Amino acid sequence: MGCRAIRVVIVSVFLLAGGRIALGAPPGPGGPGGTSSDRPAGTIAFSSLAPRGWDLYQVEVASRRTRRLTDHPALDFNAAFAADGRTLAFVSTRDGNHELYVTTTDGAAARRLTDEFAMDDHPAWSPDGRHLVFSSTRQPSDPPGLAWNALYVLRVDGTPAGSAVRRLSPAGSADYSPAWSPKGDLLACASGSGEAGRADIVVMAPDGTGRRRVVKDGGWPSFAADGRALFFHRRRDGRWGVWRVELNGSGLERITPADVDAFTPNASGDGSKLAIAIARGGHRQIAIVELSSRSLTVLTDEPADHWNPAISPDGRIIAYHKSTPGLAVPNVEPWGAPPETDLRLLRLAGAFPAFAPDGKRLALTGGNFAQLDVMNVDGTGRKTLHPGKRRGLFSTSWAHQGDRIAFALGPTFAGAKDEVDIATIRPDGSGLAQLTKASGNNGFPAFSPDGRRLVFRSGRGGSKNLAILDADGSNVRPLTSGKWTDTMADWSPDGQWIVFASDRDGDFEIWLIHPDGTGLHKVVRGGGRNNHPHFAPDGRWIVFTSRRAGFSAEEISLPHQPQPYGDLFAVRLDGTGLVRLTHNGFEEGTPAWGPRLEMNLIPSTANRSSTGDDY
């Protein structure tokens, strides 16, 4: 996982078109949308680098007065003004998923516009206010590793949420950050990848035809008021800046100063101003560029990040989003679940969760990898079992007998010979025992079903490979060996298989092996980095993290994601039925899979994280 505040999420599995990905086998059935006994079931806990508590705000350009526009514990972000200057479309996770909503600058109740288990993002209005174009991960892409993002057009006329949506992007294209021209005759977007430097600016007709590239290496386009040029951001010589280019690709020029990092431009409809975000004092602030003089004025100065400004057509108001101060972060909060599954989604504050055998409690790390905690699965009763050092404790496993919790003590990212050890502790915090000592990097322990053995990652042979030891720390024996990394193992509930991640063939992929070392084969390949596999309670499914869905947003428009290999997927043990679990622009990982429990989750002071940023 990455190195910042990751939140655990218990998620329902999202069903999309699946495909067989086991080696040496013919195509199997697709996603798990058959009988209830065939669908993935239970509760999946995982961590996410998603921020908390984004709300929409506005700032008046002349007075610099700010006002809060939305008030919700979920994420509200990426606002867009309609031509009337008072209607705003925006993205929100308030229903447990990234959907489009509409509100007004006077605080009218938000109305939901879309209803799809996907990431609907970056809305842009048509000039007549009847349509929105947006980027969405609604449909799978091919090949693995290509983002699912495509442009869609939604009719906004009071029809039921999501009932009038049409795809514009052709197959094989990944499109982000759309804009609509002032005359309504063109759309612009960033096409290629959300990774910095890997997208070009393209334009097309509103029906998706006539696509053509305007300029290489750019993102976040915004039409000039006359519709004949585009503003966009790009990185040059280590600095982000805002640029302008004519629609025929000529006249390329930098608008913002070369010594200022500037991002996410949005031009006013009257042609006078350009709203941007800039890096200043360790945070992003909202600024305005007077296009006639190129003068730059900073409008916000709080010690907080202000994101992705949208300017009103008359240039008088700028909407943006930021985290609201004083937000109480709950240990557990509900999250949206796709209807085609029998899973439940919750979101927790912590990382590396492990379910107790009855599924009613969780072990997890907190305080930035500094402590081992346990809590009830509804977030109440959280307490620390073992206080460690910052970034010095990770990866938990709860014995199936319920009597011990295993974890790793040592730095989270370290070499094969660095000192990391396996320890166990009782769920009441007593009986701390260190199982390995001074034998290299020993991490990611996982109990066998009978609780008598653990599989773990060991660096004692000079590379990070898998080993097995008895539960008292004796009888250490290698399971795999080679000049590669085998790691993040989990033991199947029936004891027959161990699943793990390995880069022995290049990228990290998901493998299976019997505990006696036989039966080695690959289950998941391709699409980039695949990590953190974990068995379902019935042993028929495996959840894992993967970069196979690419970047779901322009990475520069989000808080830093150290390792954006970012979404969760599940696959049957035989390699069939690949399922995308999450649609997010943020890094996610460390999943655990437990039974489904009925519970009534109401955020309260009893369900509140004491550290707030628990990764």
Side-chain angles (χ1 to χ4, degrees), residues 50-114 120-125 129 132 134 154 156 161 177 179-180 220 222 263-270 273-278 283-288 297-329 553 557-559 585:
R52 296 294 183 109
W54 275 348
D55 282 309
L56 299 185
Y57 288 76
Q58 72 171 37
V59 58
E60 296 177 0
V61 173
S63 67
R64 303 190 192 181
R65 288 194 299 264
T66 62
R67 183 165 65 89
R68 188 175 178 177
L69 297 178
T70 64
D71 184 358
H72 198 280
L75 301 180
D76 293 342
F77 62 105
N78 285 356
F81 275 100
D84 63 10
R86 62 181 301 271
T87 305
L88 284 166
F90 66 100
V91 184
S92 180
T93 61
R94 60 184 61 198
D95 288 312
N97 192 44
H98 291 76
E99 305 287 0
L100 301 186
Y101 288 76
V102 66
T103 186
T104 60
T105 55
D106 58 8
R111 177 169 64 92
R112 185 171 174 172
L113 299 178
T114 60
D120 293 344
D121 190 24
H122 201 108
W125 290 92
L132 282 167
F134 61 100
L154 165 71
V156 186
S177 311
W180 213 310
W220 213 268
S222 177
F263 329 86
T264 57
N266 189 243
S268 63
D270 65 359
K273 299 178 179 67
L274 187 68
I276 59 173
I278 66 168
H283 293 286
R284 286 202 192 185
Q285 303 294 348
I286 302 303
I288 199 81
T297 302
V298 181
L299 300 180
T300 61
D301 60 2
E302 298 170 283
D305 288 322
H306 302 67
W307 297 95
N308 306 352
I311 192 166
S312 61
D314 60 10
R316 299 173 60 186
I317 296 173
I318 297 175
Y320 59 93
H321 58 271
K322 69 170 185 173
S323 292
T324 296
L327 176 72
V329 177
S557 70
L558 302 172

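No experiment lies behind these values; they were computed from the predicted model shown.
Between I288 and I311, some side-chain heavy-atom pair lies under the 4.5 Å cut-off. Contact annotation: the side chain of F77 approaches that of D121 to within less than 4.5 Å [non-hydrogen atoms, C-beta and beyond]. Contact check for L88 versus V102: no side-chain heavy atoms found under the 4.5 Å cut-off. Residues N266 and P309 are not in side-chain contact: their nearest non-hydrogen atoms beyond the backbone lie 4.5 Å or more apart. Side-chain contact between H306 and I318 is absent, with no heavy atoms from C-beta onward closer than 4.5 Å. Between Q58 and T66, every side-chain heavy-atom pair lies at or beyond the 4.5 Å cut-off. With contacts defined as side-chain heavy-atom distances shorter than 4.5 Å, the pair L69/T103 does not qualify. Side-chain contact between F90 and P123 is absent, with no heavy-atom pair separated by less than 4.5 Å.
Under a 3.5 Å cut-off, the side chain of Q285 and the backbone N or O of E302 do form a donor-acceptor pair. Between the side chain of D95 and the main chain of N97, no donor-acceptor pair closer than 3.5 Å is present. Judged purely by atom type and a 3.5 angstrom limit, H321 has no side-chain atom pairing as donor or acceptor with the backbone of N308. Within the 3.5 Å criterion, the main-chain N or O of I317 finds a donor-acceptor partner in the side chain of S312. Without hydrogens or angle criteria, T87 side chain to T104 main chain gives no donor-acceptor distance under 3.5 Å. The closest donor-acceptor contact from the side chain of T264 to the backbone of I276 lies at 3.5 Å or more, if one exists at all. A donor-acceptor pair under 3.5 Å links the side-chain atoms of W125 to the main chain of A80, judged by distance alone. Remark: side-chain polar atoms of T300 are paired, donor with acceptor, to backbone N or O of I286 under 3.5 angstrom.
Here L299 contributes atom CG and S63 contributes atom OG; the two are 9.5 Å apart, rounded to the nearest 0.5 Å. The distance from the NE2 atom of H98 to the NE2 atom of H122 is 14.5 Å, given to the nearest 0.5 Å. Considering CD of E99 and OG1 of T114, their distance stands at 3.5 Å, rounded to 0.5 Å. Interatomic distance, R112 CZ to S92 OG, rounded to the nearest 0.5 Å: 9.0 Å.
Across W220 and S177, no two heavy atoms sit closer than the pair CE3-OG, 3.5 Å. Nearest heavy atoms, D305 versus H283: OD1-CA, 3.1 Å. Considering all non-hydrogen atoms of both residues, V61 and G315 come closest at CG2-O, 3.5 Å. In terms of heavy atoms, L75 sits closest to P51 at CD2-O, 3.5 Å. D314 and D270 make their closest contact through O-OD2, 3.0 Å (heavy atoms, listed as atom of the first residue, atom of the second, distance). When all heavy atoms are compared, the tightest approach of G85 to P313 is CA-CD, 3.7 Å.
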Before you tell me yes or no, could you show the steps for Y57 and T70 under side chain to side chain donor-acceptor pair (under 3.5 Å), namely the whole-Å CA-CA distance, both residues' side-chain angles and the distance that decides it to 0.1 Å? CA-CA 7 Å; Y57 288 76; T70 64; over 6 Å; no

Check against side-chain contact (heavy atoms from CB on, under 4.5 Å), W54 and T324: CA-CA 6 Å; W54 275 348; T324 296; over 6 Å; no

From CA spacing to verdict: side-chain contact (heavy atoms from CB on, under 4.5 Å), L113, Y101: CA-CA 5 Å; L113 299 178; Y101 288 76; 5.7 Å; no

Between V59 and R65, is a side-chain contact (heavy atoms from CB on, under 4.5 Å) present by the stated rule, with each step listed? CA-CA 5 Å; V59 58; R65 288 194 299 264; over 6 Å; no

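A salt bridge does not link D55 with K322: none of the charged nitrogens is closer than 4.0 Å to a carboxylate oxygen. Ionic pairing of R94 and D76 is present here: one or more N-O contacts between side-chain nitrogen and carboxylate oxygen are shorter than 4.0 angstrom.
Ring centroid separation for the pair Y320 and W307 does not come in under the 6.0 Å cut-off.
Every side-chain hydrogen bond (donor to acceptor under 3.5 Å, both in side chains) that D71 has, sequence neighbours left out, goes to R68.
Taking the ring axis of F263 as reference, the NZ or CZ atom of R284 stays within 45° of it and closer than 6.0 Å to the ring centre.
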